Amino acid sequence: MNKYQLDDDQLHAWEAIRTFAQERIAPLAKDIDESDAFPQEVFRQLAELGYMGAPFSPEYGGAGCDAVTVCLILEEISRASGGVGSSYNAHISLASSVIAGHGSTAQKQKYLTALASGRKIGAFGLTEPSGGSNASDPKTRARRQGDSYVVNGSKAFNTNGWVADIFVITARTEEGVSAFILERGMPGFTIGPPDKKMGVHGSPTSTLYFDDVVVPRENLIGDEGTGFRAFARTLDRGRVNVAALAVGLGQAALDAAAAYARERTQFGKPIGAFQAVQLAVAEMATEIEAARLLTLNAARMFDAGLPIKLEAGMAKYFAVEASLRACSQAIEILGGYGYLQDFSVERYYRDAKMYQIGEGTSHVQRIVIAREILGREIVSFG
């Protein structure tokens, strides 16, 4: 049944990634979580199958997938492993997308082709240790010096930072916030150790330090002062992708809870026969389905060339909150077992919690939604 009205290419892509994710990623998810090690082999396989360049033009080695297909891919990968989903999204949705959308032809040929092929891993530096929501006022500075820029500052919580080769960051220049491409190994560019996180283990985040890093003028993305606008447009699309990741985790929690409710018996019958469990499952299923529909609608609007700031904010906000509720309900349905690491639902909850914070907190999403409805003159962040 094609209830989401997908075309043949989208359906085939969804079936293919679901099969791959369940057969090749899901069996490794527990080990990835426990070891907290980046799954290099999984990403090598994703690269071989063309997923590392899914959204990008075939001209630069990508698969040319539309936004709807990308959401389906993200949902299934996240459903199999939140850690893999997080790192995969940071690669295709953030670092690579800024270059694809705003980079020069030379930058795309040099960097995007390497990222789309999976030969290089990408990371995206926006948040700073002093704050995340006020991203339009970075403390990192880039000073013009001849044909180069000298960058000083730091970026925090960089997904893939520990393993990435290519980094897209923002820094303040004379003309305003600008975006730059940096490479691992540039003198003065130091990558901190992986952060110890509550969830999304295997998706390493690190702090990036810039101490007089000399960046060639040709690594400036667009013109000086256009970096924040480029990042903001990328984040609108990125929020739809995060919504898809959250849907995947919520669906995984629903699957686990439903299977347990059918198998676990109490008082001589499956616990799914008890109304309290039935109501919880019904709520989980309804909210996850609503989140998926919001996500696919925003993706379709993006594919149609329509503005999506409102719809992206709604999709991310609702999907993340629905996912967290589903994961929490799943833990309750499994009872004491749900709290044990032997069962997957506690991992889903830890992974889902990250999306309530990353790429715009749920509080910020509500402000974005209100501002789109009431107007910027009434609703501000300051």
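This structure is a prediction, so every number in the text was calculated from the model and none was measured. Only heavy atoms go into these numbers, but all of them, side chains included; no hydrogens, no water, no symmetry mates.
- Here OG of S344 is found 8.0 Å from CG of L334. Values are rounded to the nearest 0.5 Å.
- A donor and an acceptor atom, one from each side chain of N219 and Y149, are nowhere located under 3.5 Å apart.
- Taking CD of Q22 as the start and CD1 of I17 as the end, the distance is 10.0 Å to the nearest 0.5 Å.
- Legend: salt bridge (charged side-chain N to carboxylate O under 4.0 Å, His left out) pairs involving residues 90-112, not counting sequence neighbours, sorted by first then second residue: K110-E183.
- With respect to R239 and E359, no salt bridge is recorded, no charged nitrogen being found less than 4.0 Å from a carboxylate O.
- Here the side chain of K316 pairs a donor or acceptor atom with the backbone of Y355 at under 3.5 angstrom.
- Grouping Ile, Leu, Val, Met, Phe, Trp and Tyr by side-chain contacts under 4.5 Å, direct or through others, puts I308 with V240, M301, F302, L306.
- Looking only at distances, no side-chain donor or acceptor of D195 sits under 3.5 Å from a matching main-chain atom of K197.
- Shown here is E174, whose CD atom has no more than 12 heavy atoms of other residues, nucleotides or ligands within 6.0 Å.
- The closest side-chain heavy-atom distance from N160 to F38 is below 4.5 Å.
- Contact annotation: the side chain of L72 approaches that of L296 to within less than 4.5 Å [non-hydrogen atoms, C-beta and beyond].
- You'll find the side chain of N241 reaches within 4.5 Å of the side chain of C71, heavy atoms only.
- Under the 3.5 Å distance criterion, the side-chain polar atoms of Q365 are matched with a main-chain donor or acceptor of G360.
- Look at D147 and R217 and you find no salt bridge, because none of the NZ, NE, NH1 or NH2 atoms lies under 4.0 Å from a carboxylate O.
- Within the 6.0 Å centre-distance limit, the rings of F167 and F189 are counted as a close aromatic pair.
- Each of L279 and I288 belongs to its own hydrophobic cluster when Ile, Leu, Val, Met, Phe, Trp and Tyr are linked at side-chain heavy-atom distances under 4.5 angstrom.
- Note that the CD1 atom of I99 and the CZ atom of F56 stand 8.5 Å from one another [nearest 0.5 Å].
- Going from atom OH of Y349 over to atom OG of S323 covers 10.5 Å, rounded to the nearest 0.5 Å.
- Side chain of S206 to backbone of G161: no donor-acceptor contact under 3.5 angstrom is found.
- Of the options R172, R141, K155, a salt bridge (charged side-chain N to carboxylate O under 4.0 Å, His left out) to E128 is made by K155 and by none of the others.
- The backbone N or O of A315 sits nowhere less than 3.5 Å from a side-chain atom of T295 that would complete a donor-acceptor pair.
- Heavy atoms of other residues, nucleotides or ligands lying less than 6.0 angstrom from CZ of F43 number more than 12.
- A donor-acceptor pair is defined here as one N or O able to donate and one able to accept, closer than 3.5 Å; no such pair exists between the side chain of S87 and the backbone of T159.
- With respect to E287 and R325, a salt bridge is recorded, a charged nitrogen being found less than 4.0 Å from a carboxylate O.
- Side-chain N or O atoms of Q278 include one that pairs as donor or acceptor with a backbone N or O of G272 at under 3.5 Å.
- H201 places no side-chain N or O within donor-acceptor distance of the main-chain N or O of G83, the cut-off being under 3.5 Å.
- E15 has no carboxylate O lying under 4.0 Å from a charged side-chain N of R18, or vice versa, which leaves the two without a salt bridge.
- Looking at heavy atoms from C-beta onward, I77 lies out of side-chain contact with Y51 at the 4.5 angstrom threshold.
- Using a 4.5 Å cut-off between side-chain heavy atoms of Ile, Leu, Val, Met, Phe, Trp and Tyr, with links allowed through other members, I73 and L46 fall into the same hydrophobic cluster.
- To the nearest 0.5 Å, the span separating OG1 on T170 from CG on D137 amounts to 10.5 Å.
- The salt bridge (charged side-chain N to carboxylate O under 4.0 Å, His left out) pairs that include a residue from residues 338-347 are E346-R350, where partners are two or more places apart or lie in different chains.
- A donor-acceptor contact shorter than 3.5 Å is absent between the side chain of S78 and the backbone of E75.
- The closest donor-acceptor contact from the side chain of T265 to the backbone of P270 lies at 3.5 Å or more, if one exists at all.
- Side-chain atoms of Y4 and R292 include a donor-acceptor pair closer than 3.5 Å.
- In this structure, the separation between CG on D33 and OG on S203 is 12.0 Å, given to the nearest 0.5 Å.
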